[in-house]
Structures are given as C-alpha cells and as structure tokens.
Amino acid sequence: MACFATSCSLIRSLSCFLIFSFALLVDGLDLNGVIQWNDICRGYRDIQGAKVILDNGRLSGSVRRNGGFTMQVASFSDISDVHSGVFVLSVISHDFLFDQVGSIQSSSRKDASAPLLRVDVSDAEHNVSVRAFSPGTPLAAAPVASIGYPIVLAARARNAYFVEREAFNPLAMFQSPMMLMMLATGVMLFATPYLMANMDKDTLDEVKQKQGELLAAQSSISNMDISSLKSLLGGDSENSPQSSKPTAQTTPSLGKGKTKARKRMKGIKEGVPKPLALSKIVKFSTWVEDD
Amino acid sequence: MLQVWAWLFVAVLPCLALYQTDAGKIDWHKELVGIPRTETPSVAPRIQLAAGADRRSFIISVSKSNVLSATTAVNGSIAWRYVLDPVDVIGVYQTNPGYVVTLSGPGGAYLRSYDITSGDLIFESRMHRPITGRLLEPARIGQDIVFSVDSTSDIFVLTNAFTVRRIDGLNGETKWQWSSEEQSSSILFSKLISTVTATYVVGLTKSFRSYTLHVVVLDSSTGALISSTDLSSSINGPADFVTLTSAKTPNPILAWLDEGYIKAVVLDKDLKSKIRSNRDNIYEEIKDLGVNDAGILLALKQDGTSHVLRIDQEAQGVGKIWEFSNSALATDQSQSIYAGGYDRVGLPYVARVHWSHTMHAASLQLFAANGADGQGMVTGFTFPFKAETHGTMEHVAIEAANPQPYTYVSRAVFTTSTGAVQLWQQENMQWTREESLTEITSVEFIDLPEPKAGQEGFSPQDLISRLTRQIYEAQNFPSYAANFGRRFLMGASTSTVTAHTKVSGPLYRDPFGFRKLLAVATSTGKIFGIDSANGNIVWSKFLPEGTYGGTVTPIKMFTTATVSDGKQPEIVLIAHRQAPSNSKSTTVYHFEALTGQPLLDPAPRELFRGGIADAYLKHNENKTIVIVGEDHKIHLYPNDPYVQAVFGSLAPSLYFALETSHQQLSGYQISPVTTDNTFKAFKAWTASLDPSERIQTIIRRPHEPVAAIGKILGDRRTLYKYLNSHLVVVLTASINLSQCSIYLVDGAKGTVLYNAAVPAASGACNVHATLTENWLVYHYFDEKSDAAKGYRLVSVELYEGTGVDNKTRSTDLTSYSYDSSLVTVFQRSFIYPHAITAIATTSTKFGISTRDVFLLVANEKQQIQSIPRRLLDPRRPKGKPTVGEQEEWLIQYDPVLPDDPHRVISHNYKVAGVRKIVASPASLESTSIVLTYGIDLFLTRVAPSNTFDILSENFNKLQLVLTIVALALGIFITKPMVQRKIMRQRWYNS
C-alpha cells in the first residue's frame, strides 16, 4: 500500500474548459468536470463556494479555482463503496443556471427550471454515462442518447432578481391608445371647420341633419327619454315607426334642431359661425365614442 | 375570457419581484460566521499574516456552525467564508502566508486548500470514504497537517490515525502515501513533523494506565519507512506531548510531560538519541501555543504558575526561559489564558491574559522571547474588557509588532463565553462581532410605540423666546420646502423606513408599522434588542450576570405586554439555569422590551428545580404563561391568586400534547392538586402513531387571525376550512431510518387526521413542514420513486365534514364531538428543484392577505424564495379548468414548480445556513415582515397580495400632476371659446 497511484484522470485544464471524464483510477472511479467560463459567468469569483451534487447531496464536489470538480463515484479497494445507479446531477450556485454546452434544451420551460443531468453509474462495467434530464420526467424510462464527452457545462443565465421600475416617459404616455384618441379628437376640433368649408352643399346638408338628430337625441337623454335614442341607434330614423311618431317631449326639440340647422346653414352661407358648427361635430364624435 | 384572465394573472405573478432601488432599503442582511470553536488548538482561531504587497492579517476561525472564515483583522469584516455541510466537521486546519488547509469529515476524509486572501478553493481531495473514518476519542487525535519546509508547496497530511500522504499543494494530487502496517493496531498516530529529509510521525500506544509514545520516520521524498520505535514514556493523553522545531537545529525535538517532569528527545533518522529529563520543576500541564516552530512551549505548575520553555542552547532538550509573575491561581483573578504569536518578521511572542475581579479589568502580559537582545522581555497593560456584557474570555490569539526597540505592540483577538469576537490593539478595542446571533433560540417581534406629538415640550413661552425659537427654526425652512416639493411631486410612500434609518433617541414606529424591535435570545445566554429597520443592536444583556461559571440557556420567550394594550412592551424569558454546583433550575426573566431593563427584583426568579417540558402563553387578558415542568407540574407566571383563580376555572378545558420520553405523542389534561393548590398534568391519551416511529419535530398551528372560514367555489357553494386550534403536525422517523412519516393530529384528543409516509433519503429523515390555518405543506426528497427522482413539495388542505357545503363549525366545536374528526383532504404534490433548510408562511395583521399566503423557503443555494399560494393550491384541476374553476382562479395542475429568480426575495444576498423563518405582521394588512436566522440574519418585507392598501411606488405622481396641469391649461384656453360659442348659440337660436 505504500505506493499510491497519482491520479491519471483525463482532465486537463484546457484553459477554462470543462471536460467530464471518467477516469479509471487505480483506487476508484472519478467523476470529474470543469466549468467553462463565459460572458455570463466570467470566472471563479462569480461562483465562489459553488458545488456540484448528485441527488440530494449523497456525493458532492466543490468547484475549484480552475473550474474543476471531482467526485469519487466508486472505490475499487472497497467493494461497498460503489454508488451504482442513476443519479441526478445539479450545480448549486447562488447566481447562475448551468447547462451543458452544445446540448439542446429539451425542456420547454426555458427559464422556469434548472437544467439537470442524469448520471448513470454502471457497477459491472465501471463506467459512467451522462445524459440530459428534465425535472419531473421519469428516470426509469429509456434514456435519451448519451451525451458524448467531453461534455461542457457553462452558465446559461444569470439570475435576474429585480424588475425594472417604470420611469416617467412623456413619449410612452402619448403612445397609449387613450392618449392617441384624445389627440385625434383634438386635431379634429381644429380640422373640421376647414373640412366643412370645403364640402359641397348636399353633403353639408346631410351632415347638418345628422347633427340635428344627434342634438335631439342628446336633449332627449337629458330628459330621460330613450325612444328617440333607440331610433338613432337603429340608424333608420326616417322609416322607423317610432321616430315617425315621436313623443310629445321629443318633438319640439327635434323641430328645434331642424330650424337650428336651417339657421345655421344660413349662418354658414354668411360665413360667420364656424365654431358653432364645430361644437356639434365634436359632440357627434364624442357620442360615437361613448357608443 | 376568464381563462385569458387567469393566464394573465399567472403571467403577472413574477411582477411581484423586487425593484433594484428597494434592495438594501427595505431589507438587510447580516453576514456572520458563527462562534469560533476553541476546544482544541488545532481548530481555535489564529491570526495569520498573509503574503502579498499589502501584508494584511486575517483571523482564521472554524465555528460551531461549521463555517471556515477569514476575517480582516483591521476592521472585522469577513474576507471570505465557506459554509460546510453539518457532517463535514473540520478536525484540524493549518495556515501559512499563502494558504489555509483543512481536514474535515470523519477521520479527516476531505482535504481542502484555500487561498488565504481570496478564499479561492485551490483543491479538494478525498482522503478516504467518510464512512470508514475512525471516530477517535479524544477527537483531536489522528489528524494533522504540516507544510513542507523545502522549496515545494507540498503538504504532509495524517488522516484516520494511520495514513500519511505527501500531497502537491497546487493540485491536491498524492505524491506518496504510507499507511501503518496494522491499521487496527493500538498505535494512534496523531502528529507530524517534517524536515527536508525525514518526516516524523508521532503516535500513542495505549497501555494499561497511560499512553506510550511511538515514532515512525519516513523518507520525505519517497515515503519509505526508515525506522519505527517506541519511546519509553508514560503520558496521560495526546495533549501531553509537543513537537518543537527551531532554526537552531536541523532535528526537531519531541517534548512530553512524564509524571510531572518534562522529557525531551531529539528526533533523527535512526531514533537513537538519549531521552533528556528536565527535573527543575514539576509541572501539571504543558501547552502547545502554536509557536512550536520557534521551539517554544508553555508549562503550568500545579498552582497555576506558568513557565515559558524553549529549546535550549545545545539543542538537546528544553529549558525554562521565563516565569509569568503572579500567574498562580488566586481568588481575586480569573484563570489565565495563554496565546502564542509572531510579529511581522517572524519573532515569537507569548501572551498571558487574565481578568481581575478586584480591578474589574483585564490585563495582558506580552512576553517577547527574543526581546532585550535575546534575554526575553515582558510588557503589559490593562484594558477595560466588559465582563458584564461579554462574559468571560475563553480564548485569545495574538499578533505582535515591534515598531522600535524595547516597544512591543500587541493585537489580540478574544473569543468570549457569550460568543463575541473582539479585537483589541493594546488597550483599545477595535471591533466586536456578536457571533452568538448564529445561535438564536427564539425571536419575538415587538411593536414600537407611536411617537408622542409635541414631545419636545411646548411649554408656555413668552413672546420673545417664541419669536427667537421660530426665527431659529426658520433656518430649516428652505430644506423643508424643498422636501415638501419633492414629496409633492415624487411621492414617498413605502420607503419610509429604510436600512439607513439612524438610531437616535427612543425607538418609535413608522406610519405603517414596518419598524419593530426584535427581541432575540441566544443559546449563549445573551439576549439582544435589534432594530428591524437596519439590524443594529439597540441593547444587549448577558443573563448569567454575577453568577460566574453558571450558564443560562433560554428556552422560550413570550411578549406579555404590547403597545396595543396601552403598555410599554414587555418580554418574559423562560430559561434553564445551571450553576456549576447546583442542578438545573427553571428561571424566569422579565424585561422591558424596548430597553432591556429587568422588571423583576431580584432579577431572575427561580420557578422550580428541574427542566421544563413545554411552555405556552394563554392569550387571555392577563397573558398568563403556563409552564409544564418535566415532572408535569404546572407553574404559572405571573402567579398571583387572581391568575390562579382564572386558570383554575379554565383548567378543566385545557388540553395539550407533548412528546413523551419515548418520543411518542401523548395528550395531557390539567387537574388541580387539592393538597397544595397547584395544578398537575395527567396523561389523557397516547396518539396511535406507529410504535416503531420516533418523533423528530412537533409543529403547532400558530395563533393567528383567520379572515375567511370557507372558500366559495365557482358554483356558489362553500368549502368550510377545518380550523382546529389544537392541530399539530408530527414528523417522525422509523427506528431503522427507512421511512419518515407526517401526521396531522388533533392535539386535544389524539385523532390522526392525515398521515403520509415518505421514503427516507440516504438514511435520514429530512422532512420540513409548515402549518397555517387548514393548510399543511411539507418537503422531502423522493429517491425511491421510479418515476422522477427529486424534491417534492406536498400541499395539503383540510376542509370540514364530508365535502362541499358541509359545515361542522370546527372553530368552536368541542374537541369531543365526532364531527371534529370529519375532514375532507385535498392534496397535490409538486416538484421543487432544491433542497430546503426552512419553510414558513407569511402572516398578516388580519389574515385577509392569507388568500395569497406565500410560502417562504430557504434553499441550499442560500436563497430565500417565495412561492405564491395559487401555485400550491391542492385543488388545481388536472384537466383544463372548468368555468367554475376558472372563476376561482384555479389554474391547471403542473407538477413542476417554476424556479423563477424573480421570487428570490433575498436577491443578491447569500443567506447562509437558515434554520428558521419567522414572519410578523406590519400595521398594513398587505405586508408581512420576514426574518430568517441560522448563520446569517436577513430581514425583508413581503406583500403577498401586493401592496393593495398603499399607493404603489410605481404610482407616478409627476404624471398625475402634469396631466392635471395640462387639463387646467386646456380649460383655461377653451373656456373663452366655449363662452363665445354659447353666446352665439343663444344669439342665433333665440
């Protein structure tokens, strides 16, 4: 026993490169690995104190400064010291999620669960094979193809613990649909008189009439009478029997509206009360909005 | 539509995460390393000067919490630390200016080397299977580490008392290994000395009455056995021999205490040197002070007089070089403690420290062995060590400096019996670390009183003084106005109390009750008042005041008066007091919570002899504490005739469950003892647990407000919660550790309401559970399962009766009603990705937010994670949720719980070794204050259902103000336009 074999593990520190190797030592079977540094996890300082464990920590290996870790899976000098079976390998690190380099993440839960590896230790052949494993899937089922070595583990993501606070952004404020609608209304407020001025007489008449109806409907709402409103919503005010027989309350206002419209036409011809007509349009548009 | 909303809700869940700006404001984290172990020199703290340009000194310590750490000597900050597994106990460590090397686990199964300045793990090697490690008595025997003295960075390691290895210090590879021929022989090797050519292994052979020394010589470069011999010696144990090396001699010297005389032998390859005996003095004890590299050891005579001995001039033996004056044991001073250390050029020093009862101060004598031109020189000073708050000094480690000839400056690190670590530079204290906070036994959250209005005292003043005061105060107006403007525009709601809040004057609560006082009792007998806003210690008290040598172990703590009762808050501590001569007694301490002032006179009140089985606080109007002694006698505190009368009337209806001496669960009933007007508990029942099982933990349902007694289903029917205040969770392990069980037991009559058996993982039952209202959650590792190996989180809910709409009024039902055993159980098992160390639920003021009780777990990654109640609902449907289920916001069952980093409420903090999580309600219903303790302390606020009762920090006050201004402007512009229009309208219409 005076002679002790130096470790002949295949592991070489290939400049921060991870190799899983299953070196057949004289005294036992080792599970070795090195963590590859990348842009997410730049070096040992980021993961100081990290460990790699099998199952619930029945075997564990601390990550060394060079990124490597070692676990003795089996000892040949001691027959009882063989951990054969299927194990789940996970990396215990506070800030990072680790993944094998080159593997396609089979889990659809990309960010939800930590990726794991399953390690099959065969007692008879004294070898180890490593496969991808998704949490919650059966271990006993026929395993997916073994991942050839060297298998490279690297940080896939750094845990994001915080959410961004929404800062005050006037541009974002004006991008909201409500603001856009308000803006559109505002633009219409100023644009309509010019549009109306450019309309031909027939269209103008039609618009005026609609406005008159709307006005009437509004006044009828204020008088708690919905019948005229119904007709308005029906969109067919002239042919509707209800609107042709308006109630006593609505009739005067309706008539008034018509006279108003007539008077207004007169006004337009004279080229004076543009703002007046405008206000009706505004009311019209707000009405449509409320609907 | 509803389903869309339900999924939207799930999508929104992660939004409960922290904002970066809140981190460190609403939470704090205190990194601790644990009370240093001082029982053997091989693990005791020492000061090591690190190599490197800045020549920093580190205090290396191994703690009772099994943390290896390096503390910067200058400021007391933790440079690095490693939290090792509880089974991986460090047996010996060795330092040099570059590395810290440890042997841990049974027999020294693992060898690890760390960089001393950065804490980087250089290598980790397994020396042998932990299970084959020999458990030796005393524990310090059988393991040793020495650094090679040649140019290599190799390490010589002795493990398991028979194997020696030479190991490459850079990669941990074994260069050679030697094992003793007969591994089961009676020789226990326990010490290594290495020279360039030979490595000496010193062992002990057990003979009839004493031990005999045995030395083996190995070739340092090949490990080949050169010689092996027994030394004619008779020593009492492994502490009675010391190996010494010195620059003066190439050969080391082995010195031992043989029937009162110090004998020494020079070790060489053939071990033929003559044993020399020093017959000048008869000694009682010899001590290795860690300066044996300079050939120095300390010997104590029977009367306590201490001598410093050193390798003599001929390098053949040891001789006395100094006697510490007045070091003999005396009644007016404590026993001396000694330490050895080096200065920056490597010259050795020995320090003696003792406490003087008459002067109420400690004094340190520093012996410079090479001082005064090699004659040796002593300097000394007294320093104001506070024994009344820090207890006795248990260990000291020193470092010295020699700034100019005949001037010696010392830096001493003390470990005290209260678990404090202090650094004194000469007579000035530099810093204190209260490491006893790693040994917390109980915590109470104390509500603070509201600030009194006008507390500055607006007494009637004359005009001139009032004017001067107002003019004086007017100078603060600009900052006040600026503050007001900022508050008006930005809003400052939740950040009212931050970790930066200064502690000045009396403690007052903030508007939302976030700030509380934590009353903390530790197993060292020290209690603390801690400000929850920033973790600062407000007051501390060492309980065994005046009783030197006695220990006080706090068992339970209760808040007996609160601010809401209209009183100053008070706490009562029930503790076991053990005086050196007496047997154990149960003692009550009563404190004012805000100041720590004792309210009892004389301070501790001994209730009875013997220990306690349990203690409860009856939440009635006089807050009586019911203490059950080990003899099942009932003791009350406070104990006046009125309280006795009230308790007497209640007693027949009181039942409680206790763990019996055979680790089974029994129920007790209280009856008055007519003879002496006291009460006694009688066994009423024994729970029908499997007799092969032993109780590990009992968890009681917390005393908490319940907002809703039922759950309205989608079809307008109701499931009534089973709310039995006697409900207890019992976690058991079978004797052969093959199976663990979880029981829910009615603590009043012993009925088992729920029972589950889970496999034991690797021969240990490591089940964690929490119980609130009608909800039980437990966590275990399932390795037997063929389906999917991993951690399971099981959520169980109990509802009344046989199902929906079956109301049995479990809250006010008598325990003996048959209906109280009728329960409907819902359960679901989930896959949780991590091992956990603690589990708890949040608690809020009225329990309304419990609709979204968060589960808080501390996992192996040193994170505190919250899990929303909704994800753990045991009624989550397996198929697509029906309309009714959607209305209840139930989402489809998915066994895998997402591991979302947004739910890590401890964010970047590494919260190590959490043993317990406690939650306390704030004044706001939405918010719960969460404290975790174990090794580190961590406190934060969580809002399980979001802060619905407070304006969100997200609320954009500036936007609101701007919108109002814009609208006002709009009105201002359009008003004349509208007026003009109305006028025209009237003009044309009328």
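Each chain gets a letter, A, B and so on, in the order its sequence line appears, and its residues count up from 1.
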Checklist entry - Which atoms of Ala761(B) come close to chain A, meaning under 4.5 Å heavy atom to heavy atom: side chain ones, backbone ones, both, or neither? => result both
Checklist entry - Can you say whether Arg81(B) sits under 4.5 Å from chain A via the side chain, the backbone, both, or neither, judging by heavy atoms? => result neither
Next on the checklist: Go through it in stages, so that I can follow the logic: the residues are Asn171(B) and Arg64(A), the test is side chain to side chain contact (heavy atoms under 4.5 Å, CB included), and I'd like the CA-CA distance, side-chain angles, deciding distance and then a yes or no.
Outcome noted: CA-CA 10 Å; Asn171(B) 56 24; Arg64(A) 298 186 293 263; over 6 Å; no
Checklist entry - What's the spacing between Ile122(B) CD1 and Asn66(A) CG if we round to 0.5 Å? => result 9.0 Å
Checklist outcome for this item: Bottom line for Tyr114(B): the part with an atom under 4.5 Å from chain A's heavy atoms is neither
Checklist entry - Checking Ile831(B) against chain A: side chain, backbone, both or neither under 4.5 Å from a heavy atom? => result side chain
Checklist entry - Which residue out of Phe830(B), Tyr82(B), Tyr110(B) racks up the most heavy-atom pairs below 4.5 Å with chain A? => result Tyr82(B)
Next on the checklist: Just so I understand: if I count every heavy-atom pair under 4.5 Å between each of Asp55(A), Val86(A), Ile53(A) and chain B, which residue has the most?
Outcome noted: Asp55(A)
Checklist outcome for this item: From the list Arg65(A), Arg45(A), Gln48(A), side-chain hydrogen bond (donor to acceptor under 3.5 Å, both in side chains) with Ser118(B) holds only for Arg45(A)
Item to check | Selection from Ile92(A), Asn56(A), Val88(A) maximising heavy-atom pairs under 4.5 Å formed with chain B | outcome: Asn56(A)
Checklist entry - Given the rule in the salt bridge (charged side-chain N to carboxylate O under 4.0 Å, His left out) test, do Asp85(B) and Lys51(A) qualify, once you have shown the distances and angles that lead to the verdict? => result CA-CA 11 Å; Asp85(B) 288 343; Lys51(A) 276 201 297 188; 3.1 Å; yes
Item to check | Phe123(B) and Thr70(A), any side-chain heavy atoms less than 4.5 Å apart | outcome: no
Checklist entry - Could you walk me through whether Tyr161(A) and His902(B) pass the ring pair (Phe, Tyr, Trp, His ring centres under 6.0 Å) check? => result CA-CA 5 Å; Tyr161(A) 303 114; His902(B) 284 130; 8.7 Å; no
Checklist entry - Quick check: are there more than 12 heavy atoms from other residues, nucleotides or ligands sitting under 6.0 Å from CZ of Arg42(A)? => result no
Next on the checklist: Looking at His94(A) and Tyr909(B), would you say the former's side chain and the latter's main chain have a donor-acceptor pair under 3.5 Å?
Outcome noted: yes
Checklist outcome for this item: d(Ser60(A) OG, Asp88(B) CG) to nearest 0.5 Å is 7.5 Å
Next on the checklist: The test is side chain to side chain contact (heavy atoms under 4.5 Å, CB included); show your working for Ser93(A) and Lys861(B) and say whether it passes.
Outcome noted: CA-CA 6 Å; Ser93(A) 144; Lys861(B) 289 186 170 181; 5.7 Å; no
Checklist entry - If you round to the nearest 0.5 Å, how far is CG of Asp95(A) from NE2 of His907(B)? => result 11.5 Å
Next on the checklist: Which one wins on heavy-atom pair count under 4.5 Å against chain A: Asp168(B), Val164(B), Val83(B), Val904(B)?
Outcome noted: Val904(B)
Item to check | Separation of Phe162(A) CZ from Asn908(B) CG (nearest 0.5 Å) | outcome: 5.0 Å
